[in-house]
Amino acid sequence: MHERLENRLRDERTRRGLTQAELAAMAEVSRKTINTVENGIFIPSTVLALRLARALGVNVETLFQLPASDRL
Amino acid sequence: MSSSQIVESAHRFSRKRAILWVLLGATLLFLAAINLLRIWTGEGVDPDHLDFWGRRFAWFADVGLAMLILATGGGFRISRRVRALMNDEITSRNRSLALAVGFWVAMLLCLALAAVDSFRLLVAGRAIMAIVTCSLGASLIAFGVFELRTYRDA
């Protein structure tokens, strides 16, 4: 997981019983995008974060947050 | 084609493409190694040699193909929607990293050849070809490896 971004994408996806491929199809992104974001290898752009949040029907902040030590 | 079929096609083609890039990059590095060996042994360039123009043409074709792949991601016969997924944000990032690898390989090779040139005069054409081939080969291998790494656990 990237130390500068906490993400709950895997939790939210599995809570809905979706596979990476299904979420990728819903968000119109590739499977490797979902995989790398979930594993914290890749920090998504604002557009991608919004797209993932819309596909799951949640706010971006539900999926991605700064770590507690970084918050003001 | 449904969205899930497009995602699966992009996934399959991307993996194959990454493997092909590694193979093409390794081929270029092999050619660069032969060229560096010729530089080391001081073999000159002879335009009157029978296969001189054939070799030059093949080199330009290989290098041109590698540059086209690095610039565009290739896959021109694949549908536009699948290609868009194959060349997504993560691939753009991997391409940037791979180009940086190629740049540093080129810089290091330039320094090495400049050092060798202090002791024996190099044929400029051969040195340029070695630098271009080596840096492109390294970039392609890096691009392929970075892409393959993104498929871990996918």
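Naming convention: chains lettered A, B, ... in sequence-line order (proteins, then strands); numbering from 1 in each chain.
Neither the backbone nor the side chain of B:Gln5 comes within contact range of chain A; no heavy atom of the residue lies under 4.5 Å from a heavy atom of that chain. With a 4.5 angstrom heavy-atom cutoff, B:Ser14 touches chain A only via side-chain atoms.
Heavy atoms from other residues, nucleotides or ligands lying under 6.0 Å from CD of A:Glu28 number 12 at most. Annotation for A:Arg16: atom CZ counts as buried by contact number, over 12 foreign heavy atoms lying within 6.0 Å. Around the CZ atom of B:Phe76, the shell of radius 6.0 Å holds more than 12 heavy atoms that belong to other residues, nucleotides or ligands.
Looking at heavy atoms from C-beta onward, B:Arg93 lies in side-chain contact with A:Ile41 at the 4.5 angstrom threshold. Residues B:Asp88 and A:Lys32 form a side-chain contact, since some pair of their non-hydrogen atoms from C-beta on lies under 4.5 Å apart.
Each of B:Phe30 and B:Val63 belongs to its own hydrophobic cluster when Ile, Leu, Val, Met, Phe, Trp and Tyr are linked at side-chain heavy-atom distances under 4.5 angstrom. Side-chain heavy atoms closer than 4.5 Å link hydrophobic residues (I, L, V, M, F, W, Y) into clusters, and following such links, possibly through other members, connects B:Met67 to B:Leu140. Tracing side-chain contacts under 4.5 Å through hydrophobic residues (I, L, V, M, F, W, Y), one reaches A:Met26 starting from A:Ile34; they form part of the same cluster. B:Leu148 and B:Phe143 fall into different hydrophobic clusters, where Ile, Leu, Val, Met, Phe, Trp and Tyr residues are linked whenever their side-chain heavy atoms come under 4.5 Å apart, directly or through other members.
Distance check: B:Phe13 CZ to A:Ser30 OG gives 14.5 Å after rounding to the nearest 0.5 Å. Between the CG atom in A:Asn39 and the OG1 atom in B:Thr150 there is a gap of 10.5 Å [rounded to 0.5 Å]. The structure places CD1 of B:Ile90 at 4.0 Å from OG1 of A:Thr36, a figure rounded to the nearest 0.5 Å. Once rounded to the nearest 0.5 Å, the distance linking NE2 of B:His11 with CG of A:Asn35 reads 8.5 Å.
Side chain of B:Glu89 to backbone of A:Ser45: a donor-acceptor contact under 3.5 angstrom is found.
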